[in-house]
Amino acid sequence: MKFIKEINGKSRMAAVIGSPIHHSKSPLIYNSCFEMDNLNIVYLAFETSQKETISRIEALKNLNVSGINITMPGKLEAIKCVDRLDLAAQYVQAVNMIVLKNNEWVGYNTDGEGFWNAVKAHHVMIKSKKVTIFGSGNTTRVILTQAVLEGVSEVNVIARNIERPLEIKTVIAQLKSDYPNTKISLIDLGESEKVQNIMINTEILVQTTSVGMSPNPMNSILENEDWLNPNCVVCDIVYDPRKTLLMHQAEAKGCKIIGGIEMLVHQAALNYTLITGLKMNTEKILNIMNKNL
């Protein structure tokens, strides 16, 4: 990647905040795009704790920032810094992008739409499909929400110890009320027979936990890889390693696989348009990311 040649009095700034932030690939993605499109914008990363989130966002807004990405742990706190939310952010009550539109600071959650755009890029139809999602955190909630908005017929969310308080229960209840024709279920990971039966009929499988992430790449969310439906599309949001054990298992069964780096890039593409009004060249950015991971 070439570095920005000149910062001058007309330069604008965009930023990502979160903690830890040193590993973030966002500066590589956005600065590469700014260079491709010859834009006088620089993208910086700021280490920001949950407690510091609101003050950091307000400081960046006062600097006339072009856009602010929020990663964990501040996605919930960031809601307090916006005038209104997009539909996905309303459901999950978390934002990952803030931009100024028509004199209002608007909070978006593009994680779900970015994920499903990555799936569509592989010519996978989503509408009316049966989807299974492993996990219960913020990423699960937004991918679930967008799946329903995309018109899937059924979503099974599989999580550990579902008797405990889980925010996803609130999201599921609201989605069931608003979209009564979509079947949504929450299943405990420990119910092996039920999980097996669900897996057999799953058309799109999504893994949203940290299982399989470095430094533990030999872990898989699957109790038994033979449960995989060979016609299933298997997606893992983990991008380090680029091909997780789950993806290796799925590939061996003949499944189509989609890795986390694609979700990252397609989510960034949505944010890039919000910041600049331009379309990201996702193919070029994916090539850059694959060379730099």
Side-chain angles (χ1 to χ4, degrees), residues 19 50-51 71-79 85 87-96 109 111-112 115-116 129-150 152-213 216-229 232-238 244-246 249-250 260 263:
S19 182
Q50 182 174 356
K51 185 178 179 180
T71 186
M72 296 305 290
K75 291 185 178 184
L76 305 181
E77 290 294 312
I79 288 179
L85 299 170
L87 185 58
Q90 288 176 37
Y91 275 110
V92 299
Q93 287 296 293
V95 301
N96 72 337
N109 198 313
D111 285 334
F115 170 81
W116 290 112
K129 290 295 182 69
K130 295 180 180 179
V131 176
T132 296
I133 307 175
F134 281 89
S136 61
N138 179 65
T139 303
T140 307
R141 297 197 299 273
V142 72
I143 288 176
L144 162 64
T145 297
Q146 191 64 36
V148 175
L149 297 179
E150 294 281 346
V152 301
S153 64
E154 180 179 327
V155 188
N156 292 290
V157 179
I158 301 175
R160 300 179 190 275
N161 306 321
I162 63 172
E163 70 280 355
R164 61 196 163 107
L166 291 171
E167 291 182 21
I168 198 165
K169 292 179 181 179
T170 303
V171 177
I172 289 174
Q174 188 62 58
L175 288 169
K176 280 185 172 182
S177 175
D178 294 345
Y179 299 89
N181 293 327
T182 305
K183 183 181 177 183
I184 309 172
S185 303
L186 180 62
I187 298 98
D188 197 290
L189 182 63
E191 296 187 61
S192 296
E193 186 174 347
K194 187 177 287 188
V195 173
Q196 180 181 3
N197 290 334
I198 288 168
M199 292 286 291
I200 290 169
N201 297 303
T202 294
E203 295 173 286
I204 303 175
L205 173 65
V206 187
Q207 200 294 113
T208 71
T209 77
S210 60
V211 175
M213 183 185 294
N216 299 301
M218 298 312 295
N219 293 338
S220 171
I221 198 71
L222 290 181
E223 180 181 328
N224 189 334
E225 61 189 84
D226 289 334
W227 295 352
L228 282 168
N229 172 1
C232 180
V233 178
V234 176
C235 315
D236 199 325
I237 70 163
V238 172
T244 62
L245 177 56
L246 171 63
Q249 292 171 325
M263 173 190 172

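Excluded from the calculations below are hydrogen atoms, water molecules and symmetry mates; all remaining heavy atoms, backbone and side chain alike, are included.
Residues meeting the side chain to side chain donor-acceptor pair (under 3.5 Å) test with S220, sequence neighbours left out: Q249. Checked against side chain to side chain contact (heavy atoms under 4.5 Å, CB included), M199 has the following partners two or more places apart in sequence or in another chain: F134, V195, L205, L222, W227, L228. Evaluation of the salt bridge (Lys or Arg N to Asp or Glu O under 4.0 Å) rule for E225 yields no partner, not counting sequence neighbours. Shown here are the salt bridge (Lys or Arg N to Asp or Glu O under 4.0 Å) partners of D111, two or more places apart in sequence or in another chain: K75. Legend: residues meeting side chain to side chain donor-acceptor pair (under 3.5 Å) with N181, ordered by chain and number and at least two apart, are absent.
When atom types are taken as modelled, the side chain of S153 and the backbone of K129 share a donor-acceptor pair closer than 3.5 angstrom. Side chain of E154 to backbone of K183: no donor-acceptor contact under 3.5 angstrom is found. One N or O on the side chain of D188 and one on the backbone of N161 form a donor-acceptor pair closer than 3.5 Å. Checked by atom type and distance alone, the side chain of Q93 pairs as donor or acceptor with a backbone atom of Q90 at under 3.5 Å.
In plain terms, the two heavy atoms of G212 and T244 that are nearest each other are O-CG2, 4.2 Å. Minimum interatomic distance between L149 and Y179 (heavy atoms only, all atoms of both residues): CD2-OH, 3.0 Å. Between D226 and N224, the shortest heavy-atom distance links the atoms N-OD1, 2.9 Å. Annotation for N109 and N96: closest pair CA-OD1, 3.3 Å, computed over non-hydrogen atoms. Across all their heavy atoms, A159 and L186 have their closest contact at CB-CD1, 4.4 Å. Taking all atoms of both residues into account, the shortest heavy-atom contact from I184 to L144 is CG2-CD1, 4.2 Å.
Counting only residues at least two apart or on different chains, the side chain to side chain donor-acceptor pair (under 3.5 Å) pairs with a member in residues 165-175 are R141-E167, Q174-D178.
With rounding to the nearest 0.5 Å, the separation of CD1 in I221 from CG in L189 is 5.5 Å. Atom CD1 of I237 and atom CZ of F115 lie 8.5 Å apart (nearest 0.5 Å). The CD atom of E150 lies 8.0 Å from the CH2 atom of W116; values are rounded to the nearest 0.5 Å.
A side-chain contact (heavy atoms from CB on, under 4.5 Å) with T132 is found for exactly one of I204, T202, N201, V206, namely T202. Looking at T140, V142, T145 one by one, the single match for side-chain contact (heavy atoms from CB on, under 4.5 Å) with V171 turns out to be T145.
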> Going through the checks in order, is the side-chain hydrogen bond (donor to acceptor under 3.5 Å, both in side chains) test met by T208 and T139?
Replying inline: CA-CA 6 Å; T208 71; T139 303; over 6 Å; no
> Given the rule in the side-chain contact (heavy atoms from CB on, under 4.5 Å) test, do L246 and V234 qualify, once you have shown the distances and angles that lead to the verdict?
Replying inline: CA-CA 8 Å; L246 171 63; V234 176; 3.9 Å; yes
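Taking the side chain as every heavy atom from C-beta outward, S185 and K194 never approach each other to under 4.5 Å.
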